[in-house]
**Q** 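Dropping the structure in here first, questions after.
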Amino acid sequence: MLKNWSRRRVTSAFHTFWMLALVLGIISVAAAVIDDRSITRLVTDFMTLCVLVIALQSFIGNSGIISFGHVAFFGIGAYSAALLTITPKIKAIALPALPVYIQQMQVSFTVAVLMGACLSLLVAIITGLALSRMAEGAMAMATLALLVMLHSIFANWEQVTRGTIGVYGIPRNITLFNTWICAAVVGGAALLFKASPTGLCLQASRDDPLATGTLGVSVAKTRFAGWVLSAILMGAGGAMWAQNNLAFGPNQFYYAETFNLLSMLVIGGICSVTGAIAGVAVVTLVGELLRGLENGLSIGTWVTLPELPGIVQMSIACLIIVVLIIRPQGMLGLNELSDFVYKRRMTKKNT
Amino acid sequence: MLNISGLTSGYGPVEVLHGLSLYINKGEIVAVIGPNGAGKSTLLKTIVGLISPQNGSILFQDRSIERQPPEYVLDRGIALVPEGRRVFAGLTVLENLHMGAYLERDSSRKKKQIDYIYDLFPRLEERHQQLSGTLSGGEQQQLAIARALMSRPKMLLLDEPSLGLAPVIVEVVIDLINSLRKEGLTIILVEQNIHQALEISDRAYVLVNGSIRMSGSASQLLETGVDMEKAYLGEKI
Amino acid sequence: MTIEVAVQQLINALSLGSLYALLALGLGMVYSVLGMLNFAYGELLTVCGYTMFLLILIGVPFPVAGLVGLGMAIGVSLLIERLVFRPLRGASFISLLFASFAASVIIQNLIKQLISKRPKVIPVPEVFDQMINIGPFQINVLSLIILLVGLVTLAGLVAFLQKTRWGLAIRAAAEDFEVTRLMGAKANRVIALSFALSGFVAGVAGVLWLSRRGAVSPTMGFIPILKAFIAIVIGGLGSLKGAVMGGFLLAFIEVALMVMLPTRAVPFTDAFALMIVVVILYMRPEGLISIKTGS
C-alpha cells in the first residue's frame, strides 16, 4: 500500500500550483487595472466557478465516480454564508423564525467561507459513511438522491431558507483579491490531494477497484476521504458564491447547476485540475460570446435576429458531445500545467 | 479451407499479432498452442470478425473474410466457442441453443438441429429448461460447444475448451472433439495444455509473442517436446 | 384506516408502481444491453408530451395524439442513438453518461426555443377524473387505466422478450454483448432495437404520466428519469426483472409514506423515500437482484 509521499509528484503539483496561481493572479490584476464593473463581476464569477469545478474535480476526477450530489454541498455553503452574513436588520424581517443568536450574528467573508466549509464537512461525513461503501453505480444514484433530498430541504424548510422565495440581502463581501486567494488555495488543495498517497490510491481505485482492493487499500476509506475533501471545497465555494450573488433560491442548487458545473469539468478534462480551470474558462467565454444572441441581436438596423433562449446551454451541450467524440478525456486529458512546461526536463530524467 | 497470410491485428493501437500466416485443410484438427498472452484468442477473434485486422488477408473457401462482421463470417460457416465458455447464464439451456441458431429462420430446420444436438448431448436435453448459469462447468462447456454447433458450421474454433475443467471432464470434451471430427468438421483448437492438444490434432502451430515460432505435424512436435518448452520460455531455437 | 381506504391506496400503489416499472424497464433496457445510463431518456417523455400538446391544440382527439406521441418517442430515441451514441461506441461509462446528459439539455432547449419556456396545460379527457364504484370501493378511473395499460404493456414486453427471436437477442445481449454478436446478431441492430423498445416504453409511460399531470414543461422529464433511475438501482443495475420489481417497490414506499407521514412532513416525502432507498442500497449495494454469472 502507498504510504509515502512521492517527491516527484509533490514537486510537479507545486509547480502547477504556482503557475496556476500566477495565471489567475494576472487575470485579477488585469481586472483591477481595467476597473470596470462588469469585467470585475465577470472575473469574480470566473474565480468562484473555478473553486466549485475544482472541488468537483477533486472527487470525480480522482475516484472516477460521477457525483450529481455536489451541488447540494454548494447549496449548504451558500445558505450558511447567507445566514451568517445578512445584516441582523434584514434577518429580523425576512427570517423571523431564526434563533436569536443567529439573527444577531454577522461575520466576515473569511469566517463565512470557513463556516460554509465546516457545515459541508459535517453533512459529507454523515453521507459519506453510507455512500463510500456502495458499488459505483449505486453510489452515483445515491449522490443524485442526495441532491434531491437537500433540494427538498432547501425548498421546504421555510424558517431557515425562506423556501422557494429564496434569501436576499447578502452583503457583497467579495473582492478580486479574496476570490483570487480562495481559487489559488482550493486549487492548491486539490493538486496536493491528487499527489498525496490517499489521492493516488483513489486514482488506482478509479482505474481498477478490484485490483486496488487486493493491494490492501481500503477503497471505501479512500473514497470517503475524497468525498469529504471535495465537499469541504464545495462548501467553501458555495459560501463565496453566495457573497458574489447576493440573493438566491433553492432552484439554483439543482439540475441546471449540476449540468453547468459538470459540463465545465468534462470539457476541460475530469482528471486534471488545470483542466477544471480551462473548462470554466472555455464555457465562460462561449457563454459571454453567445449571451448577446440569447436576448435577440440586431445587426445594423435591418437585420434583427430573434430571441434564442437557451442557446448558450445548447451550444455548451453540443460542445460536450464534440469534445467527447474527438477527445474523450477532455481538453487537458491527464495533463496538468507543469506537464507542458517541464515535459522536456522530466522525460530527460527518466530516460 | 482457411488461409491466413501476413495477419497483423490487435486492440486499438496495440499490435498483438505480427504478420502471422497459417492454413487449415478441410477435415483437419489443427492445434494452436502457446503461452499466455501469445495472441491465441486474438487470432480467433480476428478470424470471426470481432476484431478488425490492421493488415493481412484471411481467405475462407477462397473468399476473403477479413474485416467482415461476425454475422457474415458465421454465415459463411465458421463458429467460435469463446474462452471461458461464456454461456448466457440467465437464459435457459434451450434459449442458449436458440441463440446459437440465430441466423436460422426456418423453424423446422432449427428443430431438427436441436434434436441432433440432444442426441450428441443427452445431458442438455435433460436440463433444457434449466438456467444455464446453474449448470456445472463441464455441462456449460458442452452447452457452449452445442450452441456453436447450432449454426451448422463447417469449421469450429475452440478457445481453451479444457480451461478450468476437472481432468475427467476434459476427457469427455476430448472424446467429443474426436467424434465431431468424424462427422467431417474442421477444427482449430487453441490450448495451453500442449500434450492433450497434440494428441488429438493432425497438425499444430506454436504461437509465441504474436508470431508462429514452430509448426508441423502433431506427432513431430510431440517428439521434439523439449524444444517446444524452450519456445515457451522464449529462447531462440 | 378502513378497509376501503386501504384497498384504494393499494390500487394507487399498484397503479403508480406499474408506471414506475415501465419507466424503469425502458431505462434498464438500454442499460443492460449497452452498459450505459441514458440520461436523455426523460426527454423522450417530454417529446411525447409536447407532440400530444401540439396535436390536441389543433383538435386531434386525445387517444390519437397519444399514439402519435408514442411514435415520436420511438423516433427520437432512435435518432439519439444514431447521432450521439453510435459515434461514441466503446467510450467509457462516464463519457456516455455525459453525452446523454448533453443530449437531454439539447432537447430541453430546443423545446424552449421552438415552443415555450413555460409549462402548458393539456386538456385531459374528463372521464379520467371520475370515480367508479366496484362493490364497496370507490376507485379513480385514471388509476385504473394506468394500472391496466401499464400491466398490459409490461405483459406485452415480457412476451416480446420471452417469445420472439429479437427479444431473445436483447436478453442475450444484456448478458454478454460480444457473444451475442458471435451468434450472428448484428450489433447495431440489437442496440437500435433496444433504443426503439426504450422509446416505446417511454412513450407509453409519457402518455400515462401526462394523463396524471395534465401539463407539459420543458423540464418535465427530470422526475420520471429520477424515478426510473432509482428503481433500476434498487432492482440491481442490468437486471430487467429487477427494474420492474424496483419500480413497484419504489411506488409502494412512496404511497406508504404519503399515507403515514403527518401533513406537515408531506413536502419531504421524496426526501424520506430516497432515504429509505439509500438504506436499502447500503444494506444491499448490488441491488435486490444482483447479476451473477454462471462460472
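Residue numbers begin at 1 in each chain, while the letters A, B, ... track the order of the sequences. Every value quoted in this text rests on a predicted model; they were computed, and no experiment measured them.
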**Q** Hey, can you tell me if C:F39 and C:F101 have their rings parallel, tilted or perpendicular (30° and 60° cut-offs)?
**A**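 Judged by the thresholds at 30° and 60°, the geometry between C:F39 and C:F101 is perpendicular.
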**Q** For the residue pair A:Q252 / A:E257, report whether a side-chain donor-acceptor contact shorter than 3.5 Å exists.
**A**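 Checked: A:E257/A:Q252 side chains show no N/O donor-acceptor pair below 3.5 Å.
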**Q** Can you tell me how far the OG atom of A:S58 sits from the CH2 atom of A:W227, to the nearest 0.5 Å?
**A**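 CH2 of A:W227 is found 11.0 Å from OG of A:S58.
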**Q** Counting distance only, does the side-chain N/O of A:R223 pair as donor-acceptor with the main-chain N or O of A:R133 below 3.5 Å?
**A**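 Answer holds: no.
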**Q** Quick one: does C:F53's side chain get under 4.5 Å of C:V121's, heavy atoms only?
**A**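 No, every pair of side-chain atoms sits at 4.5 Å or beyond.
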**Q** Counting only heavy atoms closer than 4.5 Å, note whether C:V277 contacts chain A via side chain, backbone, both or neither.
**A**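 When you check distances to chain A, only side chain atoms of C:V277 fall under 4.5 Å.
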**Q** Identify, with sequence neighbours excluded, every residue that meets side-chain contact (heavy atoms from CB on, under 4.5 Å) alongside A:K221.
**A**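 Checked A:K221 against side-chain contact (heavy atoms from CB on, under 4.5 Å); matches are A:S218.
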**Q** Just do the ring pair (Phe, Tyr, Trp, His ring centres under 6.0 Å) check on A:F253 and A:F248 with the steps written out, would you?
**A** CA-CA 9 Å; A:F253 314 107; A:F248 56 84; 5.4 Å; yes
**Q** Looking at A:L262, A:V323, A:I316, A:I320, which one has more heavy-atom pairs under 4.5 Å with chain C than the rest?
**A**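 Of A:L262, A:V323, A:I316, A:I320, A:L262 has the most heavy-atom pairs under 4.5 Å with chain C.
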**Q** Given that the side chain runs from C-beta out, which part of A:L324 has a heavy atom under 4.5 Å from chain C: side chain, backbone, both or neither?
**A**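 Backbone plus side chain of A:L324, per the 4.5 Å heavy-atom cut-off to chain C.
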**Q** Sub-3.5 Å donor-acceptor pair from the side chain of A:R327 to the main-chain atoms of A:G330, do we have one?
**A**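 The answer is yes, because a donor-acceptor pair under 3.5 Å joins these two groups.
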**Q** With no hydrogens and no angle check, is any side-chain donor or acceptor of C:T180 less than 3.5 Å from a backbone partner on C:A173?
**A**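 Pair found, side chain donor or acceptor close to backbone of C:A173.
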**Q** Tell me, for C:T269 versus chain A, whether the close heavy atoms (under 4.5 Å) come from the side chain, the backbone, both or neither.
**A**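 Contact with chain A: none, neither part.
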**Q** At under 4.5 Å between heavy atoms, what parts of residues 20-33 of chain C are in contact with chain A? List them by residue number.
**A**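 Result: none.
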**Q** Quick check on the interface: out of C:I107, C:V233, C:I232, C:V105, who has the most heavy-atom pairs with chain A under 4.5 Å?
**A**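 Of the options given, most contacts go to C:V105.
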**Q** In terms of heavy-atom proximity below 4.5 Å to chain A, should C:L37 be classed as side chain, backbone, both, or neither?
**A**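 Neither part; nothing is under 4.5 Å.
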**Q** Could you name the residues of residues 77-89 of chain C that have a heavy atom within less than 4.5 Å of a heavy atom in chain A?
**A**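 Residues of residues 77-89 of chain C touching chain A at under 4.5 Å: C:V84, C:P87, C:L88.
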**Q** Applying a criterion of heavy atom separation less than 4.5 Å, what residues of residues 144-159 of chain A form contacts with chain C?
**A**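 Interface residues of residues 144-159 of chain A: A:L144, A:A145, A:V148, A:M149, A:S152, A:I153, A:N156, A:W157.
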**Q** Is chain C contacted by the side chain of A:I326, its backbone, both, or neither, given a heavy-atom distance below 4.5 Å?
**A**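 Neither; nothing under 4.5 Å.
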**Q** Taking all atoms of both residues into account, what is the closest heavy-atom pair of A:I321 and C:A102, and its distance?
**A**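 For A:I321 versus C:A102, the nearest heavy atoms are CG1-CB, 3.8 Å.
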**Q** Can you name the nearest heavy-atom pair linking C:E43 to C:P218, along with the distance?
**A**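 Distance-wise, the nearest heavy atoms are OE2-O, 4.5 Å.
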**Q** Can you check whether A:N335's main-chain N or O pairs, donor with acceptor, with A:S272's side chain at less than 3.5 Å?
**A**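 Here the side-chain-to-backbone pair exists.
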**Q** Taking all heavy atoms of A:V273 and all of A:Q57, pick out the closest pair and write down the distance.
**A**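 Closest approach of A:V273 to A:Q57, heavy atoms only: CG2-OE1, 3.5 Å.
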**Q** In Å, rounded to the nearest 0.5 Å, how long is the span from OG1 of A:T274 to CE of A:M331?
**A**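 Answer rounded to 0.5 Å: 10.5 Å.
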**Q** Do side-chain atoms of C:E175 reach the backbone of C:R171 as a donor and acceptor pair under 3.5 angstrom?
**A**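 Checking the backbone N and O of C:R171 against the side chain of C:E175, no donor-acceptor pair under 3.5 Å is found.
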**Q** Kindly indicate, with the supporting measurements, whether the criterion ring pair (Phe, Tyr, Trp, His ring centres under 6.0 Å) is fulfilled by A:Y255 and A:F68.
**A** CA-CA 8 Å; A:Y255 192 56; A:F68 302 102; 8.6 Å; no
**Q** Below 4.5 Å, heavy-atom pairs only: which of C:V279, C:L274, C:I230 has the largest tally toward chain A?
**A**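 Counting heavy-atom pairs under 4.5 Å, the top option is C:L274.
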**Q** Give me the atom names and distance for the closest heavy-atom approach of A:A190 to A:I54.
**A**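 Nearest pair, atom of A:A190 first, then A:I54: CB-CG2, 3.4 Å.
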